[in-house]
Participant: 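Got a structure here, written out as structure tokens. Questions coming.
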Amino acid sequence: MSRKILVTSALPYANGPIHIGHLVEYIQTDIWVRFQKLRGNRCIYICADDTHGTAIMISARREGIPEEEFIQRMYEAHVRDFAGFDIEFDNYGSTHSPENREICEVFWRALRQAGLVIEKEVTQLFDPVAGVFLADRFVKGTCPNPACHAPDQYGDSCDRCGHTHSPAELIHPVSTISGAKPELRTARHLFVQIERLHDFLEEWTQTGDHLQPEIANYLKAHFLSEPLRDWDVSRPAPYFGFEIPDSPGNYWYVWFDAPIGYIGSTKQWCDRTGESLDDWWRNPETEVHHFIGKDITYFHCLFWPAMLKTAGFNLPRKIHIHGFLTVNGEKMSKSKGTFIKAETYLRHLDPSYLRYYYAAKLSSRVEDIDLNLEEFVSKVNTDLVGNIVNLASRTARFLEGQNLSPTYPDDSGLFAQAAADGQAIAEAYEKCDFGKAMRLILAAGDRANQFIERAAPWNLKKDPAKQSQLRDVCTIGLNLFRQLVIYLSPVLPRLAAQTGKLLNDPVSSWDQSQVPLVGNRVAPFEHMMTRVPKEKLAAVVEESREVEVASGGGEGNRPAEGVSPETADTDETLQREPLLTSTVTIDDFAKIDLRVARVLAAEEVPGADKLLKLTLSLGGNHTRTVFAGIKKAYKPGDLVGRLVILVANLAPRKMRFGTSEGMILAAGWGDDQVFLLAPDQGAKPGHRVH
RNA sequence: GGGCCCGUAGCUCAGCGGUGAGAGCAGGGGACUCAUAAUCCCUUGGUCGGGGGUUCGAAUCCCUCCGGGCCUACCA
């Protein structure tokens, strides 16, 4: 009987691009969903961007655009990246949608009605310059542990001594947003008394196979052994999110509306397709499966079931939790070039490679998986090109333009054996043990290659009397190939499509693996997948490598550690701004009067997003007023006193805020990527630059 | 500090109480030539992190130590 399955992946935060770490989850989920669809189950894949919270508010502010515009831009990038990896959502929405707001209100009313919401005073650090409350992550200062006193530590714990503290305990706390000294402020927050659902959560997490065993153990030992603390679900303005209807000035915390986004996004899909939301979310027949990373375990395994239970929605049938991705055995690193963005990967490599590699490495456990770049190359080349695709490559050509044998020849049980393997392969897929599924498929591929080796069609070809035998051998080879492609089609949809064309029979159902194909016309063979060139992978790493230099802001420019400039510099800058092809003469250059100048004053310009008003001294009483578009990269206070290079004879220009009497030199693309030029020590205001 | 998980051949992993511990890649030797230097056959290699225990029997269960990863709630 066909199952009804609703599947989600965690909502990616709309504060950065999709990278290969994210893709572990989306590829894993997409494979599982495609498998379910192939098996004939009714299955939909729902996801959305997670768009609220302080971090996004700050990022948008930094770019000088409204949050809505910021998240829209990110949305488009995410959708494009996912599509590039053949990740096929039935709906990809946003938590910042009317549908989501509506469902949030449904949950909120239910929590209120159940009497679970209470109000408490919360004292938090507040940034008086930026005008926002500061999460721990946004406060830095000196570790309060007397034995440590390490500088530059986050508000929650010290990474030098491991001491945990509250941000208010930090010595010399500083807001990482504005650099201002935070002050303590009190506000009323709304809390959900999740402890009142303790018994339910104990029962739900410990029985019924909803969680992997290690996760159930973890929750029991860590959270359920003591009373659950009240969950703070509101944030005072300013906050980018949804205002709480019965508590003006307060907003739902991003983690309140994010999981609700699963339902909000489903509602969008329902409205579009004429389906009923209750049929999917308030229906015991529907299985809800969440795929998430281990870092967000407690939100999904405690808060979320508690909310669903209270509001009367379906509880998850299963929460599938995966580990993190490491690259070459280490955390992804920008300076090593292993922090690889989806977009960068796609510029050089076929998405099928990564889909297969992840599939081969994934199990149903919570373990981290490692992307070993050398192994990646050898696995794709050996398993996919050498073993699987090679089956078609070495037989299809003998039958080009002809038909497969009219009845399936005797293959001494090979097809039947692989058909029987289908059972174990399907079970492995169902349990998310994709690695096992791949191993079984590859083993069948080995047997098929052995068969072809023994049957030696290349010898049959030479003998005109053996042409029908040749056709039989190739019919067997192509059928064994097709069978494996059907098994692989959740992982490699492109290969499945190509195979469908080759044999004139599109892959659409798992059952096709159980019956040999006969009589079909064989289309001319074209390469289905090419080997991974090592250089391509090297190019990806090279392009991903970034020199970790803090951009112009408060912390100053720290040289990157452990990175030699020769190996670290890419030509990304030149690609973005190619060298000019026209030349100038020395006389042309001499017309520009470049001078060293000292910044006497720097101030913000009311109403201007990008401009700072600078007062520069060329020595003595020679001063100039210059408006510079560097506000997003520099704080006024950091500029006063430093030396810059001024174009002293640039024609004055009237601007909306006053007249600019020159221009200062800087490198970079603009916005926060602005790096002022400065002379080495010893230069004096008024010196000409030659 | 507390907790969860992991530690099996050079590498990536399977096996998770019962025939002499396995696969792929890498290494060595050979065959073949249809195929994207693909494929096929043979082969080198491990006191299953250390120690103790339970058992007729342990890589597999328990304890302990060592090493690694992660989590620890107003972090997104």
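Labels below follow one simple rule: chain letters A, B, ... track the order of the sequence lines, proteins then strands, and each chain is numbered from 1.
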Participant: Cut-off 3.5 Å, side chains only: do A/Asp370 and A/Asn328 have a donor facing an acceptor?
Facilitator: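 No pair is found: no donor N or O on one side chain lies under 3.5 Å from an acceptor on the other.
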
Participant: Checking the side chain of A/Tyr357 only, and the main-chain atoms of A/Asn372 only, is there a donor and an acceptor separated by less than 3.5 Å?
Facilitator: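 It does hold such a pair.
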
Participant: Please give the distance between the P atoms of B/G17 and B/A58 as a whole number of Å.
Facilitator: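 After rounding to an integer number of Å, I get 14 Å for this pair.
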
Participant: Using the P atom as the point on both nucleotides, what is the distance between B/U60 and B/U44, in whole Å?
Facilitator: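 Each nucleotide's P atom is 26 Å from the other's.
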
Participant: If each of A/Asn15 and A/His527 is mapped to the nucleotide of RNA chain B with the nearest heavy atom, which maps nearer the 5' terminus, i.e. the 5' end?
Facilitator: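 First, find each residue's nearest nucleotide; the 5'-ward one identifies A/His527.
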
Participant: Please give the nucleotide sitting opposite B/G45 as a Watson-Crick or G-U wobble pair, both distances under 3.5 Å, or none.
Facilitator: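 Because no pair has both required distances under 3.5 Å, B/G45 counts as unpaired.
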
Participant: Which residue lies toward the 5' end of RNA chain B, A/Asp368 or A/Lys462, if each is placed at its nearest nucleotide?
Facilitator: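 Looking at RNA chain B, the more 5' nearest nucleotide goes with A/Lys462.
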
Participant: When you compare B/G46 with B/A9, how far apart are their P atoms, in angstrom units rounded to a whole number?
Facilitator: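 About 10 Å, rounded to a whole number of Å.
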
Participant: Describe the nucleic acid contact of A/Asn459 in one word from base, sugar-phosphate, nothing, applying a heavy-atom distance below 4.0 Å.
Facilitator: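 Touches nothing.
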
Participant: Suppose we define a pair by two distances each less than 3.5 Å, Watson-Crick or G-U wobble; what does B/A35 pair with here?
Facilitator: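 Here B/A35 is not engaged in any pair, so there is no nucleotide opposite it.
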
Participant: Would you give a per-nucleotide map of nucleotides 1-12 of chain B, 5' to 3', where B means the base has a protein non-hydrogen atom under 4.0 Å away, S means only the sugar-phosphate does, and - means neither?
Facilitator: -BSSSS-----S

Participant: Just call it for A/Val233: base, sugar-phosphate, or nothing, with non-hydrogen atoms closer than 4.0 Å on any strand.
Facilitator: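 Since no nucleic acid heavy atom lies under 4.0 Å of A/Val233, the category is nothing.
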
Participant: From the set B/C70, B/C40, B/A35, return the single nucleotide nearest to any side-chain atom of A/Ser393.
Facilitator: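 Closest nucleotide to the A/Ser393 side chain: B/A35.
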
Participant: Using the salt bridge (Lys or Arg N to Asp or Glu O under 4.0 Å) rule, take A/Asp232 and A/Arg229 through it: C-alpha gap first, then chi angles, then the decisive distance, then the call.
Facilitator: CA-CA 9 Å; A/Asp232 186 350; A/Arg229 292 189 221 165; over 6 Å; no

Participant: For B/C70 and B/C13, measure between their P atoms and round to the nearest Å.
Facilitator: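 Per the computed distance, 15 Å lies between those P atoms.
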
Participant: For A/Glu427 and A/Gln423, which I'm curious about, is there any donor-acceptor pair between the side chains at under 3.5 Å?
Facilitator: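 Yes, side-chain donor-acceptor contact under 3.5 Å.
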
Participant: Rounded to the nearest angstrom, tell me the gap between atom CG in A/Asn449 and atom C1' in B/C34.
Facilitator: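 Result: 11 Å.
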
Participant: Among the nucleotides B/A73, B/C34, B/C75, which one has an atom lying closest to any side-chain atom of A/Arg229?
Facilitator: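 Closest nucleotide among those given: B/A73.
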
Participant: Among B/U36, B/C34, B/C74, which nucleotide sits nearest the side chain of A/Val385?
Facilitator: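 Of B/U36, B/C34, B/C74, B/U36 is nearest to the side chain of A/Val385.
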
Participant: Which base, if any, makes a Watson-Crick or G-U wobble pair with B/A58, both distances under 3.5 Å?
Facilitator: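 Matched B/A58 with nothing under the 3.5 Å cut-off.
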
Participant: Which nucleotide wins on minimum distance to the side chain of A/Arg439, given the candidates B/C34, B/C75, B/A14?
Facilitator: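 The closest nucleotide is B/A14.
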
Participant: Under a 3.5 Å threshold, yes or no: a donor from one side chain and an acceptor from the other, between A/Ser178 and A/Asp127?
Facilitator: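 Their side chains do contain a donor-acceptor pair, which is all the 3.5 Å distance test asks for.
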
Participant: Can you measure A/Leu384 atom CG to B/C25 atom P for me and round it to whole angstrom units?
Facilitator: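 Rounded to whole Å, this separation is 13 Å.
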
Participant: Taking the C1' atom of each, how far is B/U43 from B/A26, in whole Å?
Facilitator: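 Result for the C1' pair: 14 Å, nearest Å.
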
Participant: If only side-chain N and O atoms of A/Arg397 are considered, is one of them under 4.0 Å from the OP1 or OP2 phosphate oxygen of B/U36?
Facilitator: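 Result: yes.
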
Participant: Side chains of A/Gln193 and A/Arg196: do they bring a donor and an acceptor to under 3.5 Å?
Facilitator: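 A pair is found: one side chain offers a donor N or O, the other an acceptor, under 3.5 Å apart.
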
Participant: Let me know the distance between CG of A/Asp230 and C1' of B/A73, rounded to the nearest Å.
Facilitator: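 The distance from CG of A/Asp230 to C1' of B/A73 comes to 12 Å, rounded to the nearest Å.
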
Participant: Rounded to whole Å, how long is the line connecting atom CG of A/Asn387 with atom C1' of B/C40?
Facilitator: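 Those two atoms, CG and C1', are 12 Å apart.
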
Participant: Which of these nucleotides, B/U36, B/A73, B/C25, is closest to any side-chain atom of A/Thr382?
Facilitator: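 My answer, after comparing the listed nucleotides, is B/C25.
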
Participant: When the C1' atoms of B/G51 and B/C66 are compared, how many Å lie between them, rounded to an integer?
Facilitator: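 Pairwise C1' distance, B/C66 against B/G51, rounds to 10 Å.
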
Participant: At 4.0 Å (heavy atoms only), tell me whether A/Ile296 reaches a base, stays on the sugar-phosphate, or touches nothing.
Facilitator: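 Result for A/Ile296 = base.
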
Participant: Expressed as a whole number of angstroms, how long is the span from A/Leu460:CG to B/C34:P?
Facilitator: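 Whole-Å distance recorded here is 13 Å.
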
Participant: Determine, stepwise, if the pair A/Phe242 / A/His52 fulfils ring pair (Phe, Tyr, Trp, His ring centres under 6.0 Å).
Facilitator: CA-CA 8 Å; A/Phe242 293 139; A/His52 292 154; 4.8 Å; yes

Participant: Do the rings of A/Phe256 and A/Trp231 sit parallel, tilted or perpendicular, given the 30° and 60° boundaries?
Facilitator: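 Tilted.
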
Participant: If you measure from the P atom in B/U54 to the same atom in B/U72, how many Å do you get, rounded?
Facilitator: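 Result for the P pair: 40 Å, nearest Å.
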
Participant: On the nucleotide B/U39, are OP1 or OP2 found under 4.0 Å from the side-chain N or O atoms that A/Gln450 carries?
Facilitator: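 For A/Gln450, the contact criterion (side-chain N or O under 4.0 Å from OP1 or OP2 of B/U39) is not met.
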
Participant: Looking across every strand, which nucleic acid part, if any, lies under 4.0 Å from A/Phe133 by heavy atom: base, sugar-phosphate, or nothing?
Facilitator: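 If one applies the 4.0 Å heavy-atom cut-off, A/Phe133 turns out to touch nothing in the nucleic acid.
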
Participant: Examine distances only and state if a side-chain atom of A/Ser265 and a backbone atom of A/Cys47 form a donor-acceptor pair shorter than 3.5 Å.
Facilitator: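 Pair found, side chain donor or acceptor close to backbone of A/Cys47.
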
Participant: If I pick the C1' atom on B/G20 and the same atom on B/C48, what distance separates them, to the nearest angstrom?
Facilitator: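 To the nearest whole Å, 15 Å.
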
Participant: Students often mix this up, so state it plainly: with edges at 30° and 60°, are the rings of A/Trp252 and A/Trp108 parallel, tilted or perpendicular?
Facilitator: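 Ring orientation, 0 to 90° scale: perpendicular.
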
Participant: Between B/A14 atom P and A/Glu427 atom CD, what is the distance in whole Å?
Facilitator: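 Spelled out: CD on A/Glu427 to P on B/A14 is 18 Å.
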
Participant: Look through every strand shown and name the nucleotide pairing with B/G1 as Watson-Crick or G-U wobble, where both distances are under 3.5 Å.
Facilitator: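 By the stated definition (distances under 3.5 Å), B/U72 pairs with B/G1.
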
Participant: Taking any heavy-atom pair under 4.0 Å as a contact, classify A/Gly386: base, sugar-phosphate, or nothing.
Facilitator: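 Counting heavy atoms under 4.0 Å across all strands, the contact made by A/Gly386 is with sugar-phosphate only.
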
Participant: If you look at every strand shown and take non-hydrogen atoms under 4.0 Å, does A/Asp433 touch a base, only sugar-phosphate, or nothing?
Facilitator: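 A/Asp433: no heavy atom of the nucleic acid under 4.0 Å.
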
Participant: Could you check whether A/Trp255 gets within reach of a base, just the sugar-phosphate, or nothing at all, counting any heavy atom under 4.0 Å?
Facilitator: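 Base, at least one base atom sits under 4.0 Å.
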
Participant: Can you find a donor-acceptor pair, distance only, under 3.5 Å between A/Tyr298 side chain and B/C75 base?
Facilitator: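 Answer yes: a donor N or O sits under 3.5 Å from an acceptor.
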
Participant: Without decimals, in angstroms, what is the distance between A/Phe324 CZ and B/C71 C1'?
Facilitator: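 So the CZ-C1' distance, A/Phe324 to B/C71, works out to 9 Å.
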
Participant: Please work out whether the ring planes of A/Tyr92 and A/Tyr75 are parallel, tilted or perpendicular, with thresholds of 30° and 60°.
Facilitator: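 Tilted, since the angle between the ring planes falls between 30° and 60°.
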
Participant: How many whole angstroms separate atom CG of A/Leu362 from atom C1' of B/A14?
Facilitator: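 Taking CG of A/Leu362 and C1' of B/A14, I get 15 Å after rounding.
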
Participant: Are any of A/Arg531's side-chain N or O atoms less than 4.0 Å away from OP1 or OP2 of B/A38?
Facilitator: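 For B/A38, OP1/OP2 do have a side-chain N/O of A/Arg531 under 4.0 Å.
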
